[in-house]
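To start, the structure under review is shown below, and the notes come after it.
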Amino acid sequence: MFRLETEVDKERRILLSGRLHEDNVAASAGLRALLSTSAEHEVPLEVWALDEHGGLAGGLTGRTWAYWLHVDLLWVDTPHRGLGLGARLLAEAERTARTERACTRSRLETWDFQAPGFYRRQGYEEIGRVADYPPGVTEFILVKEL
């Protein structure tokens, strides 16, 4: 007999993550090969663009793991759009991932109303899409060789 619960539980989430990681490593030679390498652990990567007053003009947050850069967020403030700042932020994240963390590829997700064209112009290729996520929106999954 099992009892199912839907509460948020940080300790159980940590336990679950650890157990899943152990099972995944046991089942995957690729994951085992990462052990004791610089790419074994996920490491945050952030790039910030500050204006002349120190205010946030734009930024990129992501992480590196398994020789991949994963871009989570990229945003440029409206007055600074169209000036190449987004491309500079992305290029710096890719450079850091490639030269300092030995990453060979990058991946990201973007919605149809956001920036799929921008990422394609930066060399990203669509490898998948999810229709209606969220309802009425298409999510694109893009990758790039670094």
Side-chain angles (χ1 to χ4, degrees), residues 2-31 34 38-146:
F2 299 98
R3 181 180 78 240
L4 301 180
E5 297 180 358
T6 59
E7 68 198 43
V8 174
D9 187 320
K10 183 179 178 181
E11 289 181 23
R12 287 180 185 160
R13 185 173 54 251
I14 291 168
L15 179 62
L16 177 73
S17 177
R19 289 183 179 177
L20 179 60
H21 177 74
E22 290 171 5
D23 284 352
N24 288 344
V25 168
S28 170
L31 290 177
L34 288 175
S38 61
E40 176 183 9
H41 300 288
E42 191 172 276
V43 179
L45 192 154
E46 299 176 351
V47 182
W48 305 108
L50 305 177
D51 66 19
E52 62 275 6
H53 306 292
L56 184 62
L60 179 150
T61 66
R63 52 206 148 85
T64 57
W65 175 72
Y67 305 108
W68 279 79
L69 165 63
H70 188 123
V71 176
D72 292 315
L73 305 171
L74 173 58
W75 173 82
V76 174
D77 199 10
T78 303
H80 307 293
R81 293 181 186 163
L83 304 174
L85 185 54
R88 287 180 60 197
L89 289 163
L90 185 59
E92 179 62 15
E94 291 170 352
R95 184 202 64 75
T96 300
R98 185 180 64 253
T99 63
E100 297 177 19
R101 303 187 187 181
C103 291
T104 58
R105 293 161 63 179
S106 178
R107 65 165 284 162
L108 56 88
E109 298 85 29
T110 190
W111 287 325
D112 56 8
F113 65 87
Q114 288 179 319
F118 164 80
Y119 290 115
R120 287 185 185 107
R121 289 189 300 278
Q122 309 313 309
Y124 283 78
E125 297 179 22
E126 179 184 332
I127 61 160
R129 59 174 69 186
V130 182
D132 239 16
Y133 180 73
V137 175
T138 298
E139 180 183 62
F140 293 88
I141 304 162
L142 300 118
V143 298
K144 178 181 178 179
E145 296 283 333
L146 298 179

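These numbers come from a predicted model, not from an experiment.
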Original post:
From Glu94 CD over to Thr96 OG1, what is the distance, rounded to the nearest 0.5 angstrom?
Top reply: 10.0 Å

**OP:** Could you tell me whether a side-chain N or O of Arg19 sits under 3.5 Å from a main-chain N or O of Leu15, the two making a donor and an acceptor?
**Re:** no

**OP:** With side-chain contact (heavy atoms from CB on, under 4.5 Å) as the test, would you mind laying out the steps for Thr104 and Leu146 before giving the verdict?
**Re:** CA-CA 5 Å; Thr104 58; Leu146 298 179; 5.6 Å; no

**OP:** Search all heavy atoms of Ser106 against all heavy atoms of Val71 and return the closest pair with its distance.
**Re:** OG-CG2, 4.1 Å

Original post:
Is the number of heavy atoms from other residues, nucleotides or ligands within 6.0 Å of CZ (Phe118) greater than 12?
Top reply: yes

Original post:
Can you list the steps and then say if Leu142 with Glu126 is a side-chain contact (heavy atoms from CB on, under 4.5 Å)?
Top reply: CA-CA 4 Å; Leu142 300 118; Glu126 179 184 332; 4.3 Å; yes

Subject >> Side-chain heavy atoms of Arg81 within contact of Thr78, under 4.5 Å >> reply: yes

**OP:** Can you measure from CD (Gln122) to CG (Leu74) and round to the nearest 0.5 angstrom?
**Re:** 9.0 Å

Original post:
To the nearest 0.5 Å, what is the distance between OG1 (Thr61) and NE2 (His70)?
Top reply: 9.5 Å

**OP:** Please name the pair of heavy atoms, one in Ser38 and one in Tyr67, separated by the smallest distance, quoted to 0.1 Å.
**Re:** OG-CE2, 4.4 Å

**OP:** Look at atom CD of Glu125 and say whether more than 12 heavy atoms of other residues, nucleotides or ligands are closer to it than 6.0 Å.
**Re:** no

**OP:** Provide the closest heavy-atom pair for Glu40 versus Leu34 in the form atom of the first, atom of the second, distance.
**Re:** CB-O, 3.3 Å

Original post:
For Ala57 and His80, which heavy atoms make the closest approach, and how far apart are they?
Top reply: CB-CD2, 3.5 Å

Original post:
Between Arg95 and Glu92, does at least one N-O distance fall below 4.0 Å, as a salt bridge requires?
Top reply: yes

Original post:
Do Arg105 and Val143 touch side chain to side chain, with heavy atoms closer than 4.5 Å?
Top reply: no

**OP:** Drop me the distance from Leu20's CG to Asn24's CG, to the nearest 0.5 angstrom.
**Re:** 4.0 Å

Original post:
Within the distance-only criterion (no hydrogens, no angle test), does the side chain of Trp68 pair as donor or acceptor with the backbone N or O of Cys103 below 3.5 angstrom?
Top reply: no

Original post:
Can you check whether Leu56 reaches Asp77 side chain to side chain, under 4.5 Å on heavy atoms?
Top reply: no

Subject >> Minimum side-chain heavy-atom gap Thr110-Tyr124 below 4.5 Å >> reply: no

Original post:
Roughly how far, to the nearest 0.5 Å, is CG of Leu60 from CG of Leu69?
Top reply: 7.0 Å

**OP:** With side-chain contact (heavy atoms from CB on, under 4.5 Å) as the test, would you mind laying out the steps for Glu46 and Trp48 before giving the verdict?
**Re:** CA-CA 7 Å; Glu46 299 176 351; Trp48 305 108; 3.4 Å; yes

Original post:
Should we count CD of Glu11 as having more than 12 external heavy atoms under 6.0 Å?
Top reply: no

Original post:
Quick one: does Arg101's side chain have a donor or acceptor within less than 3.5 Å of a partner on Val43's backbone?
Top reply: yes

**OP:** Step through the shown structure and confirm whether more than 12 heavy atoms of other residues, nucleotides or ligands are within 6.0 Å of CH2 on Trp75.
**Re:** yes

Subject >> Results of salt bridge (charged side-chain N to carboxylate O under 4.0 Å, His left out) for Asp51 - residues two or more places apart only >> reply: none

Original post:
For Trp111 and Tyr133, which heavy atoms make the closest approach, and how far apart are they?
Top reply: NE1-O, 3.2 Å

Original post:
Say you draw a straight line from CG of Leu73 to CG of Leu108; how long is it, rounded to the nearest 0.5 Å?
Top reply: 11.0 Å

Subject >> Test applied, side chain to side chain contact (heavy atoms under 4.5 Å, CB included); reference residue, Phe140; option that passes from Gln114, Arg129, Glu109 >> reply: Arg129

Original post:
Does the side chain of His21 reach to within under 4.5 Å of the side chain of Leu31, using non-hydrogen atoms?
Top reply: no

Original post:
Does a sphere of radius 6.0 Å around NE2 in His41 hold more than 12 heavy atoms from other residues, nucleotides or ligands, not counting ones at 6.0 Å or beyond?
Top reply: no

**OP:** State, to 0.1 Å, how close Trp65 and Glu42 come at their nearest heavy-atom pair, and which atoms those are.
**Re:** CD1-N, 3.7 Å

